[in-house]
**Student:** 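After the structure tokens below, expect a handful of questions from me.
Counting starts at 1 for both ligands and their atoms, in listed order. From a predicted model like this one, the values you see are computed outputs, not experimental measurements. Position 1 is the first residue of the sequence; numbering continues from there.
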Amino acid sequence: MLIIGEKLNSAIPSVREAILNKDVDFIKELAKKQAAGGADFLDINTAQGNSEIDDMEWVVRAVQEVVDVPLCIDSVSPDVIRKGLEVAQGKTMLNSISMETSRLEGMLPLIKEFDCAVIALTMDDNGIPKTAEERIKIAGQLVDILKKQNVDLEKVYFDPLVLPLAVDSNNGVIFFECLTEIKRLFNVKTVSGLSNVSHSLPKRKLINRNFLTICMSHGMDAAIMDPTDTKITSALIASNLLLNKDRFSRNYLKAFRNNSLED
Ligand code: THG
């Protein structure tokens, strides 16, 4: 399971403040903490500041002064993504493309130009479909388009976009079906953010953590999550062990010796 650290996101009030005040130490600290927590990528989203494009460049440069973890450039704007990919060093990820007409047209050329990994959302101009069938159909359309563009599907992570349980109690199960079927039909990788599922419910971390482990048992390949939360990283390490993704219990025992496992 690839861990994409979620915390450098201007939707988090303290991060928005730090971006507005150009508090470079705060940003660097968050980058270092997530790297120490085992992040394979760091998601960067600056949509809530004063200038998304300038803020993206500023955060990317700040982060790269302290860590060499690859970056996942998160925006709906192709111009912001371009800026992020231009200043980011080494391996990168584009978050995200979808079947929305303007987003697809704006982002497709960037995949080729920067040879980055990509997150593909199963939504189109009508939004996120309610049913698994419709989301799986959009995934198929994206697979066809990416293949025609000669994009290496190994580098693409499909995000079936989980909707809140508070809206429909079946939304978790619908999402798990998407994970299974998208992998079975197209043999591609999958990814999800964890927090949408628990929207408007109490004790959200409890739900998010259990959601992650169920997603893992449905073969999910990556998660956008908080790598500084030792309860969720412990659940992830235990789940990898249970799913035979941890030969000789190596990672589990290493985490135990480092005192980073929580009961
Ligand atoms: N899919 C894709 N990209 C995404 C999302 C997705 N990008 C944005 C978002 N969803 C994932 N990122 C975040 C970032 C922060 C929080 C939630 C999702 C968040 N953080 C709080 C904090 O840090 O203060 C609370 C953390 C917690 O309680 O665990 O809420 O779905 N492709």
Side-chain angles (χ1 to χ4, degrees), residues 2-19 26-27 29-31 33-34 37 39-49 52 56 59 71-77 80-81 84 92-100 103-104 107 111 116-123 127-128 135 138-139 142 155-165 171-172 174-175 178-179 182 188-213 215 220-236 262:
L2 209 64
I3 298 176
I4 304 170
E6 72 180 12
K7 301 214 55 104
L8 289 166
N9 191 315
S10 58
I12 301 172
S14 58
V15 176
R16 181 166 57 229
E17 279 288 292
I19 292 172
F26 184 94
I27 299 295
E29 207 48 46
L30 261 187
K33 273 193 207 151
Q34 292 185 96
D40 299 293
F41 278 86
L42 297 180
D43 191 81
I44 316 263
N45 182 310
T46 58
Q48 315 293 321
E52 186 179 2
M56 177 58 76
V59 174
L71 304 182
C72 176
I73 310 298
D74 185 353
S75 175
V76 296
S77 155
V80 174
I81 295 270
T92 50
M93 189 180 292
L94 189 169
N95 185 10
S96 50
I97 67 166
S98 72
M99 276 302 287
E100 295 159 287
R103 176 142 42 164
L104 189 61
M107 300 291 187
I111 305 175
C116 48
V118 190
I119 295 178
L121 309 179
T122 60
M123 65 183 293
I128 305 171
R135 279 182 244 176
I138 293 174
L142 285 163
K155 298 179 91 168
V156 185
Y157 293 79
F158 286 79
D159 183 343
L161 291 167
V162 67
L163 294 171
L165 291 165
N171 273 334
I174 288 171
F175 183 83
C178 288
L179 288 178
I182 288 172
V188 292
K189 291 176 173 155
T190 52
V191 62
S192 179
L194 305 180
S195 55
N196 246 4
V197 72
S198 61
H199 200 272
S200 331
L201 287 164
K203 297 280 181 193
R204 295 186 62 181
K205 286 181 193 227
L206 172 65
I207 300 172
N208 297 351
R209 185 161 77 235
N210 285 282
F211 176 62
L212 172 66
T213 64
C215 288
M220 193 167 76
D221 298 280
I224 307 170
M225 55 178 270
D226 180 358
T228 69
D229 173 351
T230 52
K231 278 192 167 175
I232 199 164
T233 54
S234 296
L236 186 151
E262 286 205 44

**Student:** So which protein heavy atom does atom 25 (C) of ligand 1 come closest to, and at what separation?
**Tutor:** Glu6 OE2, 4.7 Å
**Student:** Would you say the side chains of Ser75 and Glu52 form a donor-acceptor pair under 3.5 Å?
**Tutor:** yes
**Student:** As a test of the contact definition, would atom 16 (C) of ligand 1 count as having a protein heavy-atom neighbour under 4.0 Å?
**Tutor:** yes
**Student:** Measure the distance from atom 10 (N) of ligand 1 to every protein heavy atom, then report the residue, atom name and distance (to 0.1 Å) of the closest one.
**Tutor:** Gly193 CA, 4.7 Å
**Student:** Return yes when Leu121 approaches ligand 1 closer than 4.0 angstrom through a heavy atom, no otherwise.
**Tutor:** yes
**Student:** Has Asp40 got a side-chain atom pairing as donor or acceptor with Ile3's backbone, closer than 3.5 angstrom?
**Tutor:** yes
**Student:** How close do Leu161 and Phe175 get, counting heavy atoms only, and between which atoms?
**Tutor:** N-CE1, 3.7 Å
**Student:** Which residue and atom name correspond to the protein heavy atom nearest atom 1 (N) of ligand 1, and how close is it?
**Tutor:** Asp159 OD2, 2.7 Å
**Student:** Suppose we measure from atom 24 (O) of ligand 1 to each protein heavy atom; which comes out shortest, and what is that distance?
**Tutor:** Ile12 CG2, 3.8 Å
**Student:** Between ligand 1 and Ser195, can you find any atom pair, the residue atom being a heavy atom, that is separated by under 4.0 Å?
**Tutor:** yes
**Student:** Which pair of non-hydrogen atoms, one from Ile73 and one from Ile81, has the smallest distance, and what is that distance?
**Tutor:** O-CD1, 3.2 Å
**Student:** To which protein heavy atom is atom 28 (O) of ligand 1 closest, and what is the distance rounded to 0.1 Å?
**Tutor:** Lys205 CE, 3.2 Å
**Student:** Are any side-chain N or O atoms of Arg135 and backbone N or O atoms of Thr122, one a donor and one an acceptor, separated by less than 3.5 Å?
**Tutor:** no
**Student:** Quick one: does atom 22 (C) of ligand 1 have a protein heavy atom under 4.0 Å from it?
**Tutor:** yes
**Student:** What I'd like to find out is whether the side chain of Leu30 reaches to under 4.5 Å of the side chain of Leu42, using heavy atoms alone.
**Tutor:** no
**Student:** Grab the two heavy atoms, one from Leu194 and one from Asn208, that are nearest each other, plus how far apart they are.
**Tutor:** O-OD1, 3.2 Å
**Student:** Heavy atoms, side chains only, cut-off 4.5 Å: are Val15 and Ile19 in contact?
**Tutor:** yes
**Student:** Please work out whether any backbone atom (N, CA, C, O) or any side-chain heavy atom from C-beta onward of Asp74 is under 4.0 Å from ligand 1, and answer side chain, backbone, both or neither.
**Tutor:** side chain
**Student:** Less than 4.0 Å from atom 30 (O) of ligand 1, is there any heavy atom belonging to the protein?
**Tutor:** no
**Student:** Among the heavy atoms of Asn45, does any lie under 4.0 Å from an atom of ligand 1?
**Tutor:** no
**Student:** So is Lys7 close enough to ligand 1, meaning a heavy atom under 4.0 angstrom away?
**Tutor:** yes
**Student:** Consider only side-chain N and O atoms of Ser198 and Arg204, and report whether a donor and an acceptor are under 3.5 Å apart.
**Tutor:** yes
**Student:** Which heavy atom of the protein is the closest neighbour of atom 9 (C) of ligand 1, given with residue, atom name and distance?
**Tutor:** Asn9 ND2, 4.6 Å
**Student:** Under 4.5 Å between any side-chain heavy atoms of Gln34 and Leu8, yes or no?
**Tutor:** yes
**Student:** In the protein, which heavy atom is nearest to atom 3 (N) of ligand 1, and how far is it?
**Tutor:** Asn95 ND2, 3.0 Å
**Student:** Which residue holds the protein heavy atom closest to atom 11 (C) of ligand 1, what is that atom called, and what is the gap in Å?
**Tutor:** Ile224 CG2, 3.7 Å
